[in-house]
Student: 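Pasting a structure here, questions to come.
For this chain, numbers begin at 1 and follow the sequence in order. These figures come from a predicted structure and were not determined experimentally.
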Amino acid sequence: MGKKGILLWGMLTLMLCQTVRAADVYKNDRTRWMKIAEATKPELKFQTLKPVATVKAMQDDKAFQGWRYERTGDPQAELYAKNFKDVKELTLDFGRHMVGYFRFHIKTTRGCQDAPVRLKFFFGELPAELNTPLDPWKGWLSRAWMQDEVVTVTQADQWIAIPRRIAARYLKIELLGASQDFDFAIDDVEFVAQSSAGEVLTALQPSCPDMVRRINQIGIETLRECMQTVYEDGPKRDRRLWIGDMYLESLANRYSFKNHQLTKHCLYLFAGLAADDGILISNCFEEPEPHPQYGSYCLTYCLLWNSALLEYLKDTDDKETANDLWQVAKRQTEDALTYVDDKGLFDQHKRGQYIWLFFDWREGLDVNTPMQGAAIFALRQTYELAKLLGREKEVASYPALIKKMTQAARKFLYNAKRGVMESGPAKQVSILSQTWLIKAGVLSKKEGAKAIRTALQTDGVLMPGTPYATHYLIDAMLLCDMKQEAKDYLIDYWGGMVSKGADTFWEAYDPKDDYISPYSFFPVNSACHAWSCTPVYFIHQYPDVFQQ
């Protein structure tokens with residue numbers, strides 16, 4: 001292309017961008033929505049924590065990811081009172097998972113500081129995280145997510161803060177360099193933990209089994225750590241607001257902290273930061289000022305925003321907010337319907353562009369059938385929202401569309417002979433194909449129960465790889481009245497993490513693979529992740545199932 005062609009192309013591109021900006025469908029509401037988001041931003045609550053023990057790393061094939069910690073002493077004797085040049089390296093256990101900021105006090109104990117002190121601080125959520133060599137880096141996410149910091153102290157006898165926010169339970173301190181002419185001690189350390197969660201406002205029945213009680217408590221702690229000024233995805237890594245996590249966190253929040261103002265804050269943030277065409281962007285940040293991750297379009301998450309708004313309305317009866325944001329919900333389903341073909345099947349290639357359809361971090365998952373279910377489910381949820389607001393005339397076509405897409409799913413995706421939903425050209429059988437068609441109401445309770453049981457017994461079935469996907473399996477089981485199986489599965493899955501030492505529930509978990517990682521290197525996994533907190537919802541939503 002010559003210079004004239006390049007110039008013409010540039011002018012056309014600029015005109016297109018200006019056209020897109022001029023066509024901002026929320027231009028009359030966006031500023032007001034952002035003001036409401038700011039007004040509903042929660043205040044953080046703080047707690048100062050001290051380490052409870054010094055610990056030693058032990059390799060153990062029976063421990064999660066091959067490492068555990070063994071208590072060796074207390075910080076007062078092993079750290080505060082000793083010359084750190086003699087200590088050289090020490091690991092502290094704070095006794096619980098924390099999100100917040102760390103600081104330490106250093107003082108000279110002999111001589112005069114004549115050179116800097118160089119220290120390495122390595123924070124970790126799990127023992128293996130601190131005891132697995134990180135370099136050369138093997139993950140495809142940034143090495144910078146790992147919480148190791150080198151601090152050079154040029155002046156002792158003062159408190160020194162690490163500016164980076166930390167999510168951890170353990171801290172390893174290493175001496176990298178110091179002068180021979182003076183001694184020093186790290187004579188105090190503290191961690192200022194933060195959360196917007198507040199007090200737990202629910203309780204379990206006395207009959208609740210001990211393991212279910214422990215799962216509920218760890219689920220609450222997971223949610224607490226992720227409830228910052230937004231529903232964070234993971235406080236260690238991916239520290240931002242994602243729609244899919246927000247939806248699940250809001251369900252758990254209903255039966256724990258009941259901080260519905262935080263849900264409102266997040267709903268308005270997404271609305272105010274939506275793309276000019278009205279489509280929601282999958283995730284957003286608050287610092288240095290609210291902004292989305294431009295270009296991150298995930299249709300499955302867009303549709304779950306509608307569900308989050310519906311559940312918020314049910315929790316609060318705040319029709320003013322739901323009416324204010326109704327146009328956003330309607331826009332998401334309108335967009336999804338542009339992918340539905342004449343037969344009533346969702347076709348992700350219909351618009352000739354790539355779209356991200358996230359259901360799980362499980363390699364090889366065919367998403368065609370799960371997406372058919374997710375689209376029908378979204379239509380049902382949005383129509384329910386419309387009825388609660390007296391707006392069903394605005395989506396009067398939805399019942400017929402739901403019927404058409406349901407019939408298409410049964411005709412083209414359901415193997416009635418085997419009793420399972422299949423997906424894609426290879427007729428893949430996955431757990432998520434069954435769960436999403438059950439949630440969509442395509443399968444009856446009897447058919448759904450058979451589909452789940454058959455899939456679980458099928459050789460090579462694609463199982464969930466995360467608590468996120470497992471949430472929807474438990475949900476589908478309960479919808480099919482598989483009460484005992486749902487209880488057993490929840491206890492086996494989340495209880496498995498409890499038995500392996502979880503303080504908070506993990507981002508990725510496979511009972512058969514302790515080293516599973518969506519990012520090719522398990523230390524970068526989050527050990528406190530928002531989408532893992534939902535046992536709190538199930539345990540309280542179905543007390544006759546889980547608390548007996």
Side-chain angles (χ1 to χ4, degrees), residues 244 298-300 303-304 339-341 343-349 355-378 380 405-490 492-493 496 508-513 516 518 531 534:
C298 178
L299 178 55
T300 48
L303 295 175
L304 284 175
Y339 292 97
V340 178
D341 65 20
K343 293 183 294 186
L345 288 175
F346 187 93
D347 179 1
Q348 65 185 108
H349 305 293
I355 55 170
W356 182 24
L357 303 174
F358 179 79
F359 290 92
D360 190 22
W361 288 123
R362 178 60 86 178
E363 187 175 352
L365 176 67
D366 189 288
V367 298
N368 286 281
T369 294
M371 190 59 224
Q372 181 79 6
I376 298 171
F377 176 71
R380 290 187 183 277
M405 293 181 70
T406 297
Q407 291 173 341
R410 294 187 67 87
K411 180 178 180 180
F412 298 107
L413 307 176
Y414 185 49
N415 186 326
K417 185 176 181 180
R418 296 182 63 193
V420 292
M421 303 302 304
E422 298 173 334
S423 188
K427 307 293 183 182
Q428 181 188 84
V429 177
S430 70
I431 295 300
L432 285 172
S433 287
Q434 319 313 313
T435 61
W436 277 100
L437 271 296
I438 291 167
K439 284 184 65 62
V442 171
L443 299 178
S444 68
K445 290 184 179 181
K446 184 177 179 180
E447 290 171 331
K450 180 181 179 181
I452 292 174
R453 290 171 183 143
T454 300
L456 287 172
Q457 296 168 6
T458 299
D459 290 339
V461 64
L462 213 63
M463 295 293 293
T466 61
Y468 177 77
T470 304
H471 164 90
Y472 291 107
L473 171 57
I474 301 293
D475 194 14
M477 285 180 167
L478 292 165
L479 290 172
C480 294
D481 287 335
M482 300 171 65
K483 296 179 180 180
Q484 188 60 49
E485 286 153 295
K487 181 177 182 179
D488 292 343
Y489 205 101
L490 183 144
D492 181 67
Y493 188 80
Y509 177 60
D510 182 339
K512 297 179 180 179
D513 181 6
I516 187 173
W531 67 28
T534 55

Student: Please give me the minimum heavy-atom distance between Tyr468 and Gly244, naming the atom from each residue.
Tutor: CE1-O, 4.2 Å
Student: Tell me which pairs pass salt bridge (Lys or Arg N to Asp or Glu O under 4.0 Å) where either residue lies in residues 358-371, with sequence neighbours left out.
Tutor: Arg362-Asp510
Student: Please identify which of these residues, Lys411, Arg380, Gln372, meets the side chain to side chain contact (heavy atoms under 4.5 Å, CB included) condition with Thr406.
Tutor: Arg380
Student: In terms of relative ring orientation, are Tyr489 and Tyr493 parallel, tilted or perpendicular, with 30° and 60° separating the classes?
Tutor: parallel
Student: If I compare all heavy atoms of Ser433 with all of Pro370, which pair ends up nearest, and what's the gap?
Tutor: OG-CD, 3.4 Å
Student: Roughly how far, to the nearest 0.5 Å, is CZ of Phe377 from CE of Met371?
Tutor: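 It is 12.0 Å, given to the nearest 0.5 Å.
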Student: Compare every heavy atom of Gly465 with every heavy atom of Ile516, then report the nearest pair and how far apart it is.
Tutor: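 Scanning both residues, the minimum pair turns out to be CD1-O, 3.8 Å.
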Student: Holding to ring pair (Phe, Tyr, Trp, His ring centres under 6.0 Å), I want the full list of residues that pass it with Phe346, two or more places apart in sequence or in another chain.
Tutor: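 If we apply the ring pair (Phe, Tyr, Trp, His ring centres under 6.0 Å) test to Phe346, skipping adjacent residues, the hits are Tyr339.
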Student: Can you find a heavy atom in the side chain of Val367 that is under 4.5 Å from one in the side chain of Gln348?
Tutor: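 When only atoms from C-beta onward are counted, Gln348 and Val367 do touch, with a gap below 4.5 Å.
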Student: Between the side chain of Gln428 and the main-chain N/O of Gly364, is any donor-acceptor distance below 3.5 Å?
Tutor: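 Looks like yes, one N/O pair under 3.5 Å.
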Student: Please collect all salt bridge (Lys or Arg N to Asp or Glu O under 4.0 Å) contacts where either partner lies in residues 431-449, sequence neighbours excluded, each pair once.
Tutor: Arg410-Glu447, Lys439-Asp475, Lys445-Asp481
Student: Mind listing the closest non-hydrogen atom pair of Val429 and Ala455 along with its distance?
Tutor: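 Looking at all heavy atoms of both residues, the shortest contact is CG1-CB, 4.1 Å.
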Student: How would you list, by chain and number, every residue that makes a ring pair (Phe, Tyr, Trp, His ring centres under 6.0 Å) with Phe359, sequence neighbours excluded?
Tutor: Trp436
Student: Of all residues at least two apart in sequence or in a different chain, which pass the side-chain contact (heavy atoms from CB on, under 4.5 Å) check with Ala476?
Tutor: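 Checked Ala476 against side-chain contact (heavy atoms from CB on, under 4.5 Å); matches are Thr435, Ile438, Ile452.
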Student: To the nearest 0.5 Å, how far apart are OG1 in Thr369 and CG in Leu432?
Tutor: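 So the OG1 of Thr369 and the CG of Leu432 are separated by 11.0 Å.
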Student: Tell me every residue that passes side-chain hydrogen bond (donor to acceptor under 3.5 Å, both in side chains) with Asp513, counting only those two or more places apart in sequence or in another chain.
Tutor: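 Asp513 satisfies side-chain hydrogen bond (donor to acceptor under 3.5 Å, both in side chains) with no residue once adjacent residues are dropped.
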Student: Report the distance from atom CG of Leu479 to atom OH of Tyr472, rounding to the nearest 0.5 Å.
Tutor: 12.0 Å
Student: Name all residues meeting the salt bridge (charged side-chain N to carboxylate O under 4.0 Å, His left out) criterion together with Lys483; count only those two or more places apart in sequence or in a different chain, and write none if there are none.
Tutor: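 With sequence neighbours excluded, Lys483 shows a salt bridge (charged side-chain N to carboxylate O under 4.0 Å, His left out) to Asp544, given in chain and number order.
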Student: Scan residues 413-432 for pairs that pass salt bridge (Lys or Arg N to Asp or Glu O under 4.0 Å), counting only residues two or more places apart or in two chains.
Tutor: Arg418-Glu422
Student: Could you tell me whether the side chain of Leu456 reaches within less than 4.5 Å of the side chain of Val461, counting heavy atoms only?
Tutor: no
Student: Could you list all the side chain to side chain donor-acceptor pair (under 3.5 Å) pairs where at least one residue sits in residues 449-461, not counting sequence neighbours?
Tutor: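 The answer is Arg453-Glu485.
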Student: For Tyr414, what residues pass the ring pair (Phe, Tyr, Trp, His ring centres under 6.0 Å) criterion, not counting sequence neighbours?
Tutor: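 Tyr414: no ring pair (Phe, Tyr, Trp, His ring centres under 6.0 Å) contacts found.
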Student: Measure across Ala440 and Gly373 and return the closest heavy-atom pair with its distance rounded to 0.1 Å.
Tutor: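 Nearest pair, atom of Ala440 first, then Gly373: CB-O, 3.3 Å.
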Student: If the condition is side-chain contact (heavy atoms from CB on, under 4.5 Å), which residues does Ala451 pass it with, not counting sequence neighbours?
Tutor: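 Once residues adjacent in sequence are excluded, the partners of Ala451 under the side-chain contact (heavy atoms from CB on, under 4.5 Å) criterion are Gln434, Leu443.
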Student: Grab the two heavy atoms, one from Ala486 and one from Ile474, that are nearest each other, plus how far apart they are.
Tutor: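 Where Ala486 meets Ile474 most closely, the heavy atoms are O-CD1, 3.8 Å.
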Student: Does Asp341 have any side-chain contact (heavy atoms from CB on, under 4.5 Å) partners at least two apart in sequence or in another chain, and if so, which?
Tutor: Lys343, Leu345, Lys350
Student: Hey, could you give me the NE2/OG1 distance between His471 and Thr534, rounded to the nearest 0.5 Å?
Tutor: 5.0 Å
Student: Measure the spacing between OG1 of Thr470 and CD1 of Ile431 and express it to the nearest 0.5 Å.
Tutor: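 Rounded to the nearest 0.5 Å, the OG1-CD1 separation comes out at 9.5 Å.
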